[in-house]
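Here is the naming used below: chain letters follow the sequence lines, and residue numbers restart at 1 for every chain.
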Amino acid sequence: MEYIQQQFIQMFGAEWGAMLFSLATNMTFIFAIVIPLLLGVAYLTFAERKIIAYMQIRVGPNRVTFFGIPWLRGWGQPIADAVKAIMKEIVIPTGANKFLFILAPILTIMPALAAWAVIPFSPELVLANINAGLLYILAMTSMGIYGIIIAGWASNSKYAFLGAMRSAAQVVSYELAMGFALVCVLMMSQSLNLGDIVNGQQGDSLLNWYLIPLFPMFLVYLISGVAETNRAPFDVAEGESEIVAGFHVDYSGMAFTVFFLAEYSNMILVAALTSIMFLGGWLPPVDIAPFTLIPGFIWLLLKIAFILFFFLWFRATFPRYRYDQIMRLGWKVFIPITLIWIVLLGLIMQLPESVRKLPPLNIWF
Amino acid sequence: MNFQDIIFYIFSAILVTSALGVITVRNPVYSALLLVLAFVTCAGLWLLLEAEFLAITLVLVYVGAVMVLFLFVVMMLDINLDQLREGFWKWFPFGALVALIMVGEMTMVLMGKYFGLEEMPAPSAQDADYSNTRALGRLIYTEYVYAFELAAVLLLVAMVAAIALTLRHREDKRSTNSSKQVQVKKEDRLRIVAMPSEKKE
């Protein structure tokens, strides 16, 4: 590393060399995040099909394999799907706005990937260790909505437009509840930096995680996360029984796949954020020998996988919400709960020092 | 010229071009999207000034919420551009006058001695662990707390007023009560009748 930096400085001079070196290292880091992420997305679709299949007493994809190895049957399916999607033609409807029609999937995937820049994978392993990380995440996730509304409008189709409007209204409403839930997290951690948030949950065991003092917020965040990613049971934006497939009804081939990628990487993002903010990120559940030997990165992955399982489980279990019920849940149930919890948390934090040192409050405050 | 300057010029060029585009492009959806681009590049410029909290809040509030609703409205309206353009030349002198006055005021402020380099020297770069958010929070909740609370109340009043103006109760509409629907028990709706099986005639 030092040697390469020296080479850069020799080649481009002190200032430019340092700049270009950091650019090069950042690019490497970005690829090291994005490529596994996209692979993860591919295999998340496989996991989803398999898990839902077993829940419905079916087998799921069990044909495509690598090099004819029999025990890998089904594992080639996501790769085969990707190849199929790349080969297909991208049909652009006659009445569509061509520029915006192509721009929409790009605008959807951009924030879904950009938000990963501030996710800490282990104490040292983070691309951008910025002190307003939580705000950055909120800003990036709120930009994802543009792709959907532009897609709906540019398709010049009633179904797509209806889907886009439903989705926009839903995402804007649930963003509030999500933001308030995060306010509770940052009241506990007193920092907007995601690394500091995880460090604030350090302790002897999983009792120290914010999951326990903020349990209602955990539920609100997880459910809002499902709603934000337009997943079942909140997938009225797609609602295939009412509006065919919502905003992406006119998309085909790779353009459609990009929407798909964005949806799934958003799912993984919400799962990662839930694990970082409520489940202690890279921290092991109990701070004793066999658990601490496993690297923090693995713990984070396990927690992400655990939360992702919930997403798939929800989809296999619940029927789709009716639209007015979704709005009611967001505005009349979640936002009051979060507001009450913020006030409650503030009151507890203002208690006299002697009271805060009593168990069980001394674990968290 | 160093790396930061190049980034500054790229961002400024995009900002000025997109801001010009907002008022010259014919399609209102494009102009709303260009405004979004202008906001995002402006946030980039603010980041260069080490105002990361304001920059991210700009993206969060204006791009993430305000412009979404704007775009929403613009997409649903059926705007006839020719009709909108009709009064252009009639109102042009008035608009030009307002623009001139604004330019004049801005020159008076910016050229005045209060913005001179002696009065306001360029701020020195902060440490890497300096938290802009924390500093801003301290100021807002201590020194400027009354102004801050007043602004919050003002926004709340505006919001209540907007809702009160648009809220109307329609008697002819059949509405549902979701919370009642959710609380329905099986016994309220379902009656299980025990009856002996019938014989075939």
Side-chain angles (χ1 to χ4, degrees), chain A residues 12-20 22-23 97 99-100 103 107 110-111 129-146 148-150 152-154 161 164-165 167-169 171-172 175-176 179 186 190-193 196 321-329 332-333, chain B residues 1-7 25 27-30 32-33 35-37 39-40 43 46-47 50-77 126-137 175-182:
Chain A
F12 301 104
E15 192 184 11
W16 279 93
M19 277 295 172
L20 288 173
S22 69
L23 196 70
N97 183 326
F99 174 67
L100 291 183
L103 187 73
L107 277 183
M110 186 277 292
N129 192 8
I130 60 176
N131 55 27
L134 203 58
L135 271 178
Y136 173 83
I137 294 269
L138 278 176
M140 280 299 136
T141 46
S142 69
M143 276 171 75
I145 179 69
Y146 278 100
I148 293 174
I149 43 180
I150 290 172
W153 186 79
F161 192 54
M165 291 205 298
S167 170
V171 171
V172 169
E175 217 150 69
L176 291 172
L186 77 100
Q190 313 206 335
S191 170
L192 282 167
N193 182 311
D196 287 349
Y321 259 95
R322 211 174 59 204
Y323 196 71
D324 62 319
Q325 289 172 338
I326 291 186
M327 284 298 151
R328 173 176 167 272
L329 185 71
K332 294 190 180 168
V333 180
Chain B
M1 193 141 88
N2 59 20
F3 197 67
Q4 219 173 14
D5 289 344
I6 292 176
I7 290 176
V25 164
N27 188 337
V29 172
Y30 277 137
L33 288 175
L35 190 55
V36 172
L37 180 63
F39 279 137
V40 174
W46 287 5
L47 277 182
E50 299 183 2
E52 75 267 5
F53 180 79
L54 288 178
I56 297 175
T57 316
L58 180 74
V59 174
L60 184 60
V61 175
Y62 281 89
V63 176
V66 175
M67 287 313 292
V68 171
L69 300 179
F70 239 88
L71 207 60
F72 217 81
V73 175
V74 166
M75 280 176 174
M76 284 199 282
L77 291 179
Q126 305 282 0
D127 297 333
D129 60 342
Y130 172 77
S131 172
N132 196 292
T133 319
R134 197 175 288 264
L136 200 70
S175 60
T176 54
N177 184 342
S178 298
S179 56
K180 266 189 190 162
Q181 289 176 335
V182 171

Exercise. By a 4.5 Å heavy-atom criterion (distance strictly below it), what part of Tyr136(A) contacts chain B: side chain, backbone, both, or neither?
Worked result: both
For this session: Find out whether Tyr30(B) and Leu100(A) are in side-chain contact, i.e. whether some heavy atom of one side chain is under 4.5 Å from a heavy atom of the other.
Result: yes
Exercise. Asn131(A) versus Glu52(B): any side-chain heavy-atom pair under 4.5 Å?
Worked result: yes
For this session: Please state whether the side chain, the backbone, both or neither of Leu138(A) comes within less than 4.5 Å of a heavy atom of chain B.
Result: both
Seminar exercise, completed: Sorted by chain and number, sequence neighbours left out, side-chain contact (heavy atoms from CB on, under 4.5 Å) with Leu329(A) holds for Tyr174(A), Ile223(A), Phe234(A), Tyr321(A), Val333(A), Phe334(A)
Problem set entry | For Asp196(A) against Ser191(A), the heavy-atom pair lying closest together | OD2-OG, 3.2 Å
For this session: For chain A, find which of Thr133(B), Leu71(B), Val29(B), Val59(B) contributes the most heavy-atom pairs closer than 4.5 angstrom.
Result: Val29(B)
Seminar exercise, completed: Applying a strict 4.5 Å limit to non-hydrogen atoms, the region of Gln4(B) in contact with chain A is neither
Problem set entry | Results of side-chain contact (heavy atoms from CB on, under 4.5 Å) for Phe161(A) - residues two or more places apart only | Trp153(A), Met165(A), Met75(B), Met76(B)
For this session: Name the region of Leu33(B), side chain, backbone, both or neither, that has any atom closer than 4.5 Å to a heavy atom of chain A.
Result: side chain
For this session: State, yes or no, whether a side-chain contact exists between Val63(B) and Ser142(A) at a heavy-atom distance under 4.5 Å.
Result: no
Problem set entry | Shortest non-hydrogen contact between Ala164(A) and Gly152(A), atoms and distance | CB-CA, 3.7 Å
Seminar exercise, completed: On a heavy-atom basis, the closest approach of Phe72(B) and Ala169(A) is CE1-N, 4.5 Å
Problem set entry | Portion of Leu192(A) that has a non-hydrogen atom of chain B nearer than 4.5 angstrom | side chain
Exercise. Who wins among Val61(B), Ile56(B), Leu69(B), Leu58(B) for the most heavy-atom pairs under 4.5 Å with chain A?
Worked result: Ile56(B)
Seminar exercise, completed: Most heavy-atom pairs under 4.5 Å with chain B, out of Arg322(A), Met140(A), Gln190(A), belong to Arg322(A)
For this session: Against chain B, label Ile150(A) side chain, backbone, both or neither, depending on which of its atoms sit under 4.5 Å from a heavy atom there.
Result: both
For this session: Name the region of Val36(B), side chain, backbone, both or neither, that has any atom closer than 4.5 Å to a heavy atom of chain A.
Result: side chain
Exercise. Checking Asn193(A) against chain B: side chain, backbone, both or neither under 4.5 Å from a heavy atom?
Worked result: neither
